[in-house]
Amino acid sequence: MKMLIEGLRGLGRETQAILTRLGFIARFFVALIRRTPESFVRASLTLREIYFSGVLSLAIILVSGLFIGMVLALQGYDILSTYGAGDSLGVLVALSLLRELGPVVAALLFAGRAGSAITAEIGLMKATEQLDAMDMMAVDPISRVAAPRFWGGMISMPLLAAMFSAAAILGAYAIAVPLIGMDSGAFWGNMQAAVDVRVDILNSIVKSLVFGTLVLLIAVFEGYDAKPTAEGVSSATTKTVVYSSLAILAADFILTIFMFRGV
Amino acid sequence: MSEITSDIANLTDVSFGYDESRLILDGISMSFPRGKVIAIMGGSGCGKTTILRLLAGQVTPRLGEVDFNGRSVARLSKKELYAMRRQIGFLFQFGALFSDLSVFENVAFPIREHLNLPEEMIRDLVLMKLNAVGLRGAASLFTNELSGGMARRVALARAIALDPLLMLYDEPFTGLDPISLGVVGQLIRQLNDALGTTSVLVTHDVVESLKIVDYVYFIGKGCVLASGTPEEISHTTDPFVKQFIHGEPDGPVPLHMKAPELSADFFGGAHA
Amino acid sequence: MKRATIDLWVGIFVVLGLVALLFLALQVGNLASVGREAKTYRIEAHFDNIGGLKPRAPVKAAGVVVGRVEQIRFDPKLYEAVAVMNINEKYSFTTDTLASVLTSGLLGEVYIGLDVGGSEEMLVNGSVLPRTQTQSAVVLEKLIGQFFLRESTASSGGK
């Protein structure tokens with residue numbers, strides 16, 4: 001009986017701790033959003049962050065996209081042609097990329113490449129008292145450090161996701177038409193007939209915006225909240241990758257229910 | 001009224017603790033007269049740095065008043081607090097230079113953030129500040145190319161960029177070789193007199209700081225244990241201050257942490 | 001890194017991103033045809049059974065896509081399925097047009113096929129094709145069931 005009460009009490013404490021942390025993140029998010037205008041008035045700060053989160057992620061995004069598209073084409077054609085539906089390969093590739101793989105995989109790669117870098121950078125600035133120094137110089141670290149990284153990433157993310165999907169579809173085309181010998185007209189024609197601009201492409205962009213918000217909020221927050229030591233920064237970087245991957249997959253499930261059920 | 005004009009900052013009966021149970025400062029009062037260099041000394045973890053944070057408004061006292069230039073720091077809004085901090089220079093223990101900016105941009109940072117000046121004027125100002133710390137030649141270097149002493153001096157140049165009324169130094173002498181140490185010490189004194197600011201330094205380097213300061217506070221157990229000019233301090237009879245100045249391992253601050261009798265710890269288990 | 005270099009790269013990055021979006025919209029999603037699709041008229045067709053027909057399925061005449069299924073619902077009074085279709089304004093069909101639910105291949109996509117009749121009058125926005133003018137989906141399970149029923153009655157009659 002005593003153990004049960006102890007257990008319940010522990011559970012209560014845990015729940016309270018998690019809720020407190022969520023509340024803290026929410027407050028941080030509000031603070032971040034309220035400093036939005038400053039990141040755009042001083043565009044050079046945000047441009048710099050687009051360079052770091054977007055341009056530097058370009059290579060990994062394009063190469064991964066190309067390979068995923070090629071693999072999808074090879075596997076998809078094998079299975080579809082068993083049922084005599086090889087001509088629908090373009091449909092399979094385009095829909096799976098636009099609806100799921102494009103936004104999700106691009107966001108996962110983004111979390112690993114840009115999210116972890118943002119956390120490490122902000123965490124290091126905290127550990128070496130650079131954030132404190134800024135605060136002491138009457139410069140708000142959230143508007144000078146956190147907000148430009150957030151908005152730079154928010155601009156990069158949907159563009160990266162679109163490039164990922166485009167690279168993958170081109171990769172699939174490169175396998176399907178010259179290599180497998182599919183008819184180019186059937187590949188594009190069936191694809192165009194099945195892909196709806198509003199349902200598929202617009203939702204794809206919405207998904208990548210939602211994932212971008214999650215990854216960047218987690219990355220910036222974990223950096224800001226890191227213990228100011230070497231271990232603290234490294235564990236915060238790990239947390240960013242783990243938490244944002246989980247958040248992306250969970251959010252994807254929820255968004256898919258709202259966007260594509262019954263379509 | 002005369003108090004307000006002669007002192008740039010005051011602590012009045014200030015109590016502070018980071019958590020509920022333990023008070024780091026317990027009803028401490030200090031005053032910092034204009035134009036002077038004042039040292040705060042005490043053992044590690046006795047709340048020295050906390051005093052600097054209180055003065056800069058980074059933390060607010062649980063009880064008592066902190067005032068700067070005649071205004072209570074705790075009652076300032078965020079905007080007013082930032083306005084106040086423009087008049088305060090803060091030198092961090094390890095410099096806290098921005099690692100993604102060059103030496104020049106580091107010193108230019110507060111100027112660019114707060115003053116809307118043309119580029120040539122910023123250049124002149126930055127080079128002037130760097131010249132004051134003897135590092136004009138290092139303007140184009142990056143922070144990872146600097147030695148510890150140089151980094152400290154660049155940080156000093158950055159801290160004085162906006163000509164502050166009050167300079168706060170957090171352990172300015174830690175980790176420096178004897179030459180750099182002398183250089184930084186001299187710089188603190190010279191800059192204070194040249195710019196007409198007030199300097200507060202937190203340190204445990206007795207020898208170096210007694211050479212340059214006008215007044216010393218010794219703190220411990222949350223309050224001021226002793227204070228006076230360097231002259232008075234070096235002739236003090238206070239056992240704690242004596243132990244601190246001469247670096248004696250045992251005295252009022254015991255070598256051993258409180259523990260059971262040695263014999264009990266070693267043989268207690270076997271006897272039981 | 002110089003400001004100008006960063007700006008240049010960011011510029012290239014944003015242009016590449018927009019090109020990718022444009023590619024998705026035009027080449028993959030065929031956005032251009034959406035504009036044309038905007039001018040449509042709506043007709044309804046009543047079916048006994050629509051089988052696997054889904055919203056957004058194509059409506060074809062002589063194999064050419066002329067419109068899309070907008071909505072599918074069940075009429076609780078007539079106990080019939082109603083498919084609402086948007087037909088491109090460029091094409092008009094006679095009022096005695098026959099609509100059937102068809103499947104391309106054995107397992108391919110389900111669509112509505114239109115076969116034009118000989119009437120003088122044309123379908124307009126809001127026209128309804130009653131059940132007599134439609135052909136329901138061929139439901140495989142029913143076919144197989146009927147086949148076995150006939151087989152068993154034939155063999156029992158033979159004895």
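Side-chain atoms are counted along with the backbone in the values below, which use heavy atoms only and exclude waters and symmetry mates. Protein chains get the first letters and strands the later ones, always in sequence-line order, with residue 1 at the start of each.
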Side chain, backbone, both or neither: which part of B/Phe90 has an atom under 4.5 Å from a heavy atom of chain A?
side chain
Close side-chain approach of A/Arg144 to B/Glu113, heavy-atom, < 4.5 Å:
yes
How long is the straight-line distance from CZ of B/Arg53 back to CE of A/Met136, given to the nearest 0.5 Å?
6.0 Å
I'd like to know whether NZ of B/Lys36 has more than 12 heavy-atom contacts from other residues, nucleotides or ligands below 6.0 angstrom.
no
Just wondering, more than 12 heavy atoms not from B/Arg62 lying within 6.0 Å of its CZ?
yes
Given the options A/Asp140, A/Thr128, A/Asp132, which has more heavy-atom pairs under 4.5 Å with chain B than any of the others?
A/Asp132
Which atom pair, heavy atoms only, marks the closest approach of A/Glu129 to B/Phe94?
OE1-N, 4.4 Å
Do other residues, nucleotides or ligands put more than 12 heavy atoms under 6.0 Å from A/Phe40 CZ?
yes
When you compare the side chain of B/Asp100 with that of A/Arg48, does any pair of heavy atoms fall below 4.5 Å?
yes
Count the heavy atoms of every other residue, nucleotide or ligand shown that sit under 6.0 Å from CZ of B/Phe98, and state whether that count exceeds 12.
yes
Between chain A and each of B/Ser99, B/Pro110, B/Ala155, count heavy-atom pairs under 4.5 Å; write down the option with the most.
B/Ser99
Which pair of non-hydrogen atoms, one from B/Phe92 and one from A/Ala133, has the smallest distance, and what is that distance?
CE1-CA, 3.3 Å
A/Gln130 (side chain) donor-acceptor with B/Leu97 (main chain) under 3.5 angstrom:
yes
Hey, is CZ on B/Arg136 packed in by over 12 heavy atoms from elsewhere, all under 6.0 Å?
no
Ignoring hydrogens and geometry, is there a side-chain-to-backbone donor-acceptor pair from B/Arg85 to A/Asp135 under 3.5 Å?
yes
Distance (rounded to the nearest 0.5 Å) between B/Leu162 CG and A/Met137 CE
9.0 Å
